[in-house]
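Worksheet: one structure, shown below.
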Amino acid sequence: MNFEQVKALLEKYNQAHLLKYYDELNTEQKKSLLGQIEGIDFELLNHVKKPGENVNRGEITPLDDAVSISDIENNRTKFSALGQNAIKEGKVAALLLAGGMGTRLGSDKPKGMYNIGITKDVYIFEMLINNLMDVVNQTGAWVPLYIMTSEKNNDDTIQFFEEKNYFGYDKDYIDFFTQEMAPAVSFDGKIYLEDKDKISTSPNGNGGWFISFVKSGLCEKAKRSGVEYINIFAVDNVCQRIADPCFVGAMIDGEYRSAAKVVSKVSPEEKVGVLCLEDGRPSIVEYYEMTDEMKYQTKENGELAYKYGVILNYLFRIKDLEKNLNNNLMIHLVEKKIPYIDEDGNKITPEKENGYKFETLVLDMVHMMDNCLAYEVVREKEFAPIKNKTGVDSVESACELLKLNGVTL
């Protein structure tokens, strides 16, 4: 699109301010800005006019059943055999959500590059690759690994893996792709400029991984190689088991459409999303959405009714995801502090929330499925999230769990 076409597009959506500094830019900056504007999904702005629609939920009820730790132990041989066969046949892949930065850990690098070692270098990415290598060694088969980065950390992430020789993983089985971005807007729906030649954008939420995976061409590549199941996992849980044969086998055995690893909540107040039913279909209720009645509700055996916290480790069947691709995921408006340039071109870093980011969430992908297996894991063995530098869910707490699991740091 040329300048006049872009100008007309902006006027249509009442966003002409994005060209305010156009005449001050050099040729390359002008070209870049026009390209960014052309790539904006302006239909997202419709959600700002009716934000209430983004928080409506159906009837939330407790999950009927789950595969408990004892159930898994009783069926481990059968489940593991099924999962190992699927992996050996090339039907299972893993996808790492790694678009975040280590800002809260005091780092300006990708979160996965953070060094948690005590007596030697041990990186978050390294721990995850080591965990996946356990499956490779068990099955004798390489598991395809797709790593979703963001615009902000893609180059650093790829360079880091190259420098570290992929931590011993076969690089032919690793592919990188970047997550789709969405514009950041003021509360009245005006798209922010991050700089005179740059639109303010942010990743489109953890539910955006599949559309980004498809647009990158990697979904087609996965299908051509025979992949049917894909294990989605987050970068910050260093103890999690990835492409876990027993997990895969349990999903296959029960003929489930999706599966989620869960842990039993340590208390009613624990701040984790909980697997539940919404209008009779699988879903996830966030901790801040739960009423006190829901938090403390118990079953006849005394256990919490809303017991199973999700740890962002999911299994999906690719064909089911494709089937639901046209059922657009709900857009969530998230209030954020968004740096921007003001009327005079000054860069402003707000002290309180000043606008919205548009996000899609994995929980809505789960809700699109007919069913979801709740697969309970031992918290101390598989849940060591790194959200903070110290305290709860921190580098400190994760390192303690890694040491308990025999990892030398």
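Atom set for the values below is all heavy atoms of this structure, side chains included, hydrogens, waters and symmetry mates excluded.
- Between Y169 and W142, the two ring planes are perpendicular [angle over 60°; tilted spans 30° to 60°].
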| Steps toward salt bridge (Lys or Arg N to Asp or Glu O under 4.0 Å) verdict (K215, E180) | CA-CA 9 Å; K215 288 185 176 182; E180 296 283 302; 3.4 Å; yes
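- Annotation: cation-pi pair K12/F42 absent, no NZ/CZ under 6.0 Å from the ring centroid and within 45° of its normal.
- Judged by a 6.0 Å distance limit and a 45° cone about the ring axis, K295 is not positioned over the six-membered ring of Y306.
- If you look at F233 and Y314, their ring centroids are not closer than 6.0 Å.
- Checked by atom type and distance alone, the side chain of Q15 pairs as donor or acceptor with a backbone atom of I191 at under 3.5 Å.
- Here CG of L275 is found 5.0 Å from SG of C372. Values are rounded to the nearest 0.5 Å.
- Panel note: side chain D71, backbone S68; a donor-acceptor pair is recorded below 3.5 Å.
- Taken from CD1 in I232 to CZ in F213, the straight-line distance is 7.5 Å, to the nearest 0.5 Å.
- Residues F161 and F167 place their aromatic rings such that the two centres sit under 6.0 Å apart.
- With sequence neighbours excluded, no residue forms a side chain to side chain donor-acceptor pair (under 3.5 Å) with D170.
- The line from CG of L363 to CE of M330 is 8.5 Å long, rounded to the nearest 0.5 Å.
- Residue S283 holds its OG atom at 12.5 Å from CE of M369, rounded to the nearest 0.5 Å.
- In terms of modelled atom types and a separation under 3.5 Å, the side chain of R281 and the main chain of H367 share a donor-acceptor contact.
- Residue-environment remark: NZ (K30) exceeds the threshold of 12 foreign heavy atoms within 6.0 Å.
- Checked against the 6.0 Å centroid threshold, F187 and Y356 count as a close aromatic pair.
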